[in-house]
Every structure is written in C-alpha cells, then in structure tokens.
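What you see is a predicted model; the values in this text were computed from it and never measured. Computed over heavy atoms, backbone and side chain alike; hydrogens, waters and symmetry mates excluded. Protein chains get the first letters and strands the later ones, always in sequence-line order, with residue 1 at the start of each.
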Protein chains: 2
Amino acid sequence: MSIEQDIQQKAFKSPYTKAVVNIMYTNNWLCTLQSDLLKRYDVTLQQYNVLRILRGQHPNPITVCGIIERMLDKMSNASRLVDKLILKDLVIRRECPHDRRQVDVIITDKGLALLAELDNQQSEWETALHKLTPEEALTLSHLLDKLRGSTE
Amino acid sequence: MSIEQDIQQKAFKSPYTKAVVNIMYTNNWLCTLQSDLLKRYDVTLQQYNVLRILRGQHPNPITVCGIIERMLDKMSNASRLVDKLILKDLVIRRECPHDRRQVDVIITDKGLALLAELDNQQSEWETALHKLTPEEALTLSHLLDKLRGSTE
DNA sequence: ACAAATTTAATGTAAAAACATTTGATGTCA
DNA sequence: TGACATCAAATGTTTTTACATTAAATTTGT
C-alpha cells in the first residue's frame, strides 16, 4: 500500500514531508520484520548491529567508542549492550594495552557462529525486498544520501 | 557523506542490504533532528505524532485504536501517551457514546496552537532537506512504497 | 613537572518502550 | 437467553533508552 493508505492520511504538505513520514514508516516496517526474526535467537536488533560491527573488524578489536561511532542509532549505552553480549559469551572485553581508558571488544567464535546463522535468516527475509530491482535499491540509497546532504 | 563513509563500512552484501541500512541510518538522522527541535517545547516525537493524527481528524474525535492504527511506530502504550497529553491539556478524553469500551480523544485548542507553532519550526528544518528536488523526494517515496510491496 | 582540561568507559536514575495480563463491554451463536 | 469468544482500553512488570554524572587515564599548556 502507498503511504497515504497505510497511515490513512489524505495528503502531505510537501513531497519532503511525505518522504520523511515514509522513511519513518518504512523504517518501522523493517525493524519489526527484523526483530521478529532475531527474537527467536534471543538477540535484540541493537545487539545484532553491534555484533555485525564487531565482525566487520574481526579479528581486530574495536573500542566502545568505535562501536558507538558506527552504530546506526548513536546512543550512550553501548557499554551496557556489550555487557549483555558478554553474558551470552558472544563477545569478550579486554583492556586496551596502549591506553588504559579504552576497552577492546572482540567477537568470539560463538558470536561469529551466531551471526552466520542469522545471515541465512536475513537473506531469507531480504528476498521480500526484491520487489525493487537492484538498480532501484541503489537509487534509493543514493537519494537517501543526498537527502542527508551527501555531496558524494 | 555516503552511507559507507558514515558508518565506516567498506561494502554491503547487496544493494538491498545497503538500502535497508541506509533507511535505518537516515531515519535516525531525521529523528535526532526532529527530537532536538521538539525538546524545546517539551514534547516527545511520539507525542507530536499523536497530536498530528488528532489534528488530522479534528474536529472529529478518534479512538485510541484509531490512533494506534495511524501511528508510525505501532506500539501498545498509546493509552499512556494520551495520558501524558492530557496532563498538558493538549487533548481531552471522552467516553464514546455508542460503544462504552471505546474512548474518544480530541485535540484541544491549546493542542492545536502548539501544533501551529511546531509547524513553523518543522518547515524550517525541512528546508534542510531541499538538497533533494521535489521530484526526487517523490521518487524516494515511491521507491519506499515499492520496497514495502505497494502495488500502488 | 604539574594543574587543568579532555577523553573513555561505566554507572545512577528517570522516562519510555515492549510485552503480557486484566477489566469491562460487546458480539456470536447454540 | 446465556456461555463463550472477541474487542477496547488500561494497567503491571521488565527491559531498554535517554540523559547526567562519575571515575580513571591521558593530553595539554605553562
């Protein structure tokens, strides 16, 4: 359904307002889909995102600051998110040798294995997005970049 | 910046993954912008969204169920959101005459006045989005609709 | 070298969200 | 009608988020 039907609104003030509302609506749609999937593995969306960031660095460690920088939603409690992941043995925390303020976080084998399993699930539901051609998906990304002010 | 630079990731598995991450990232960017603005008026983003829904119906009432249906992020505590708005005299709650399970919610004059003020602020920051042409904004909306499976 | 400022991560706390349950009202159908 | 299912809204509870503060380590400037 188009965004007007979905939220039962007649018209938007401008194409920009419409785009903003549509981004938020679509984001929620995506988060719900993804969370439902992750729930079965007892991982939250935020935890999943942190795990992916850690895998991106593996086998190198990354500091808590580094995680925050890369997170999709910035927020202050990366520290506590890491706590949760440690409880599940998905990551380990290690004092950073050259700066004792910092803490290195590294994904464990168990964490990597979980991610591998989740990847399969992910690609499964991502097929649901193939109503868009690959070119259209790229155009979408490009428009979002431009919206945020990407000069690219 | 393009999404790769923003989150410091080299490459995405597919244009679809990239689009999904970009939607979430952009959503967060938008929410932060908007929340910062609303904070000055002591209104949360969710409360603002509910107020806009109520204005869309004004002068007709709408039930709590009706609000949930139209909310950008569905969630269970519309009831408590309405509580908060009542405390600020921005809405009133009234028993529904023909079905006593339901509760009608109506925006007050004070609520409408606040929205009018917020609208000005909104259009101010929305100019920040004009790096996109109106046509591009519409294309963006259309691609999002299609992504969600809109047959239009 | 040393006081002051800054940085990093952790923690305390209040508000909000997620999720389940409850309560009261209406609809269904044998 | 009356038992049962369903629905709307509110409420209880736990987890997560937002925001501020703290504590320790490092950097900066004199």
Side-chain angles (χ1 to χ4, degrees), chain A residues 24 27-29 31-40 42-50 53-54 61-88 91-106, chain B residues 24 27-29 31-51 53-54 61-88 91-106:
Chain A
M24 293 182 174
N27 175 71
N28 188 251
W29 182 80
C31 285
T32 304
L33 272 179
Q34 226 172 344
S35 291
D36 286 350
L37 241 163
L38 293 172
K39 220 166 286 171
R40 299 187 222 152
D42 197 33
V43 185
T44 67
L45 190 48
Q46 301 286 20
Q47 289 170 3
Y48 176 59
N49 285 333
V50 170
I53 289 168
L54 293 174
I62 184 173
T63 64
V64 173
C65 253
I67 293 174
I68 292 174
E69 278 171 21
R70 277 154 241 248
M71 289 208 312
L72 295 190
D73 18 354
K74 52 81 211 119
M75 67 167 155
S76 38
N77 54 348
S79 209
R80 277 188 264 238
L81 260 179
V82 170
D83 286 345
K84 295 277 163 59
L85 293 171
I86 287 176
L87 282 179
K88 298 180 198 171
V91 310
I92 54 172
R93 188 152 38 190
R94 203 166 57 189
E95 195 177 83
C96 190
H98 58 277
D99 186 338
R100 286 190 307 161
R101 283 173 305 184
Q102 299 188 125
V103 171
D104 278 342
V105 182
I106 306 148
Chain B
M24 293 183 174
N27 176 71
N28 188 251
W29 182 80
C31 285
T32 304
L33 272 179
Q34 227 173 343
S35 291
D36 286 351
L37 240 164
L38 293 172
K39 220 166 286 170
R40 298 186 222 152
Y41 295 87
D42 196 31
V43 185
T44 67
L45 190 48
Q46 300 287 18
Q47 289 172 3
Y48 176 58
N49 286 333
V50 170
L51 284 176
I53 289 167
L54 292 175
I62 183 174
T63 64
V64 174
C65 251
I67 294 173
I68 293 174
E69 278 171 22
R70 279 152 238 249
M71 290 208 312
L72 295 191
D73 20 354
K74 51 80 211 134
M75 67 167 154
S76 38
N77 53 347
S79 208
R80 275 188 265 239
L81 259 178
V82 170
D83 285 345
K84 295 277 163 58
L85 293 171
I86 287 175
L87 282 178
K88 298 179 198 172
V91 310
I92 55 172
R93 187 153 37 189
R94 203 166 57 187
E95 195 177 84
C96 190
H98 58 278
D99 186 339
R100 285 193 306 163
R101 284 174 304 185
Q102 300 188 123
V103 171
D104 278 344
V105 183
I106 305 148

Nucleotide [N], atom [atom2] - distance to [atom1] of [X] in whole Å:
X        : N      : atom1 : atom2 : answer
B:Leu87  : C:dA16 : CG    : P     : 11 Å
B:Arg101 : D:dT11 : CZ    : P     : 18 Å
B:Glu95  : C:dG24 : CD    : P     : 14 Å
A:Ile67  : C:dT7  : CD1   : P     : 20 Å
B:Gln102 : D:dT6  : CD    : P     : 18 Å
A:Leu45  : C:dA17 : CG    : P     : 16 Å
A:Leu81  : C:dT8  : CG    : P     : 19 Å
A:Ile68  : C:dA9  : CD1   : P     : 7 Å

Contacts of A:Pro97 and B:Val103 projected onto DNA chain D by closest heavy atom; the upstream (5') one is B:Val103

Note: for A:His98 and B:Thr63 on DNA chain D, the residue whose nearest nucleotide lies more 5' is B:Thr63

Worked verdict on A:Ile62 versus A:Arg70 for side-chain contact (heavy atoms from CB on, under 4.5 Å):
CA-CA 11 Å; A:Ile62 184 173; A:Arg70 277 154 241 248; 3.6 Å; yes

Give the intermediate values and the outcome of side-chain contact (heavy atoms from CB on, under 4.5 Å) for residues B:Met71 and B:Val50.
CA-CA 7 Å; B:Met71 290 208 312; B:Val50 170; 3.8 Å; yes

Salt bridge or not for B:Asp36 and B:Lys39, using N-O below 4.0 Å?
yes

Report yes if a side-chain nitrogen or oxygen of [X] is closer than 4.0 Å to either non-bridging phosphate oxygen (OP1 or OP2) of [N]; otherwise report no.
X       : N      : value
B:Gln46 : C:dA17 : yes
B:Arg93 : D:dA10 : yes
A:Lys39 : C:dC19 : yes
B:Lys84 : C:dA16 : yes
B:Ser79 : D:dA10 : yes

Classify the nucleic acid contact of B:Asp83 as base, sugar-phosphate or nothing, counting any heavy atom under 4.0 Å across all strands shown.
nothing

For A:Lys84 and A:Gln46, which I'm curious about, is there any donor-acceptor pair between the side chains at under 3.5 Å?
no

Please compare B:Arg100 and A:Cys65 by the position of their nearest nucleotide in DNA chain C and report the one closer to 5'.
A:Cys65

In the structure I gave you, are the side-chain heavy atoms of A:Thr63 and A:Asp104 within less than 4.5 Å of one another anywhere?
yes

Check if the side chain of B:Arg80 and the base of D:dG12 share a donor-acceptor pair of N or O atoms closer than 3.5 Å.
yes

